[in-house]
Amino acid sequence: PVVKRAVAEVAQRDKVPHPVGFVSPPLLCPGKVRHFKI
Amino acid sequence: VPATPPALLGCDDPESEAAAEAAVSYINGHSHHGYKFALNRIENVRVLPQGPNNEIIFLELDLLETTCHILSPTPLKNCTVRSFIEHAVEGDCDVKLQRLDGKFSVLASKCHSHADSSEDIIQLCPDCPLLARLNNTEVLETVTAALNDHNSKTPGAYLKLLEIGRAKIQYSPAHIVVVEFAVAATNCSAEEAKDNAEACQLLPDDQSNFGFCTASRVIIPSKDLKVDCQLYGHQVPTPAIPFLSRVFQPTSVS
């Protein structure tokens, strides 16, 4: 049940529009390009 | 459902970069053909904790071809990544590692390589030469001519072809064939090889000298051939797998 509730909360949170000035956290992946991208 | 949830790890986190470094080192160390590859980007990382100081790491890596042949003793950090207009070759690798007490070991790896599309190169550099097939007639003729030219002008050991690494053909404004190939020294001198080159044998693993040649042959407007061969010197073979055996093993790697 704990797992279910946590998943639901995350899903619900994502549906709420971000307030003005909200800055999304940086994506964990992919990482930086060291040379160039083909 | 795993007992322990996967740990969150960013692709640019130091632990991910350390794992990627171990993975790239493993991939280059176990490659028998072509060139060394350098890390371009960590595409994805997943961590499965197994217990105290023990975790399994899955990496998706984007690699780029360097100018160092796989037989070259030059450390990867000193190898130059080929530029985009040199017709870059990319490697996509999935690697599974174990990190036990801070030490990485690769459990499995799978890589595919592919060259950038010719259209991309032409768009950026219309006159740049494009990669040619290694069995192209003009490529083979250029390699043969280059090796003959080097052997005829160099008094040292007679060199034999190990493999062609790269070939490019330019058609405009001049018709030029550029090749790169790996060579190995034989037990013959260039003079001895004149009589019967077929009899010349590659030196045993522990004595063999490997090298790398670049050559360019102008076909039009005027015929010209330039060859440059560098010998790497003594190579230490891997005890479990004889070095030459690895070089000559056929593989399906593209």
Side-chain angles (χ1 to χ4, degrees), chain A, chain B residues 1-3 5-21 24 37-47 57-67 76-77 79-92 112-121 124:
Chain A
V2 173
V3 172
K4 269 192 163 182
R5 188 167 64 234
V7 169
E9 280 174 3
V10 169
Q12 185 60 36
R13 188 184 62 192
D14 284 350
K15 288 178 183 173
V16 178
H18 293 309
V20 176
F22 176 82
V23 178
S24 299
L27 290 172
L28 293 174
C29 285
K32 62 177 181 282
V33 174
R34 288 161 175 77
H35 302 282
F36 54 86
K37 185 70 186 157
I38 290 187
Chain B
V1 178
L8 275 180
L9 194 62
C11 280
D12 286 336
D13 289 353
E15 187 180 349
S16 302
E17 299 203 342
E21 190 178 335
V24 173
F37 276 80
L39 180 64
N40 189 36
R41 177 152 87 162
I42 300 172
E43 296 286 347
N44 202 5
V45 57
R46 284 180 296 132
V47 182
I57 301 173
F58 295 91
L59 286 176
E60 291 175 34
L61 303 178
D62 174 34
L63 311 181
L64 284 173
E65 190 187 66
T66 70
T67 57
L76 180 63
K77 63 180 182 186
C79 296
T80 307
V81 168
R82 290 197 188 264
S83 67
F84 183 80
I85 59 169
E86 275 187 281
H87 207 157
V89 173
E90 182 185 32
D92 294 315
H112 297 285
S113 65
H114 61 271
D116 189 18
S117 75
S118 300
E119 288 76 13
D120 289 351
I121 310 291
L124 201 72

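Both backbone and side-chain heavy atoms feed into the values below; hydrogens, waters and symmetry mates do not. Note on naming: letters A, B, ... go to the chains in the order of the sequence lines (proteins, then strands), and numbering restarts at 1 for each one.
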With rounding to the nearest 0.5 angstrom, report the [atom1] to [atom2] distance, [X] to [Y].
X         : Y        : atom1 : atom2 : result
Arg34(A)  : Ile42(B) : CZ    : CD1   : 5.0 Å
Ser83(B)  : His35(A) : OG    : NE2   : 12.0 Å
Asp120(B) : Ile38(A) : CG    : CD1   : 8.5 Å

Which residues pass the salt bridge (Lys or Arg N to Asp or Glu O under 4.0 Å) test with Lys77(B), not counting sequence neighbours? none
For [X] against [Y], the heavy-atom pair lying closest together:
X        : Y        : answer
Phe84(B) : Phe36(A) : N-CZ, 3.6 Å
Gly31(A) : Cys11(B) : N-CB, 3.3 Å
Leu8(B)  : Leu28(A) : CD2-CD1, 3.8 Å

Heavy-atom cut-off 4.5 Å, strictly under: side chain, backbone, both or neither for [X] against chain A?
X         : answer
Glu17(B)  : side chain
Ser117(B) : neither
Asp13(B)  : neither

State, yes or no, whether a side-chain contact exists between Glu90(B) and Lys37(A) at a heavy-atom distance under 4.5 Å. yes
Between Asn40(B) and Val33(A), does the side-chain contact (heavy atoms from CB on, under 4.5 Å) criterion hold? Intermediate values first, please. CA-CA 6 Å; Asn40(B) 189 36; Val33(A) 174; 3.7 Å; yes
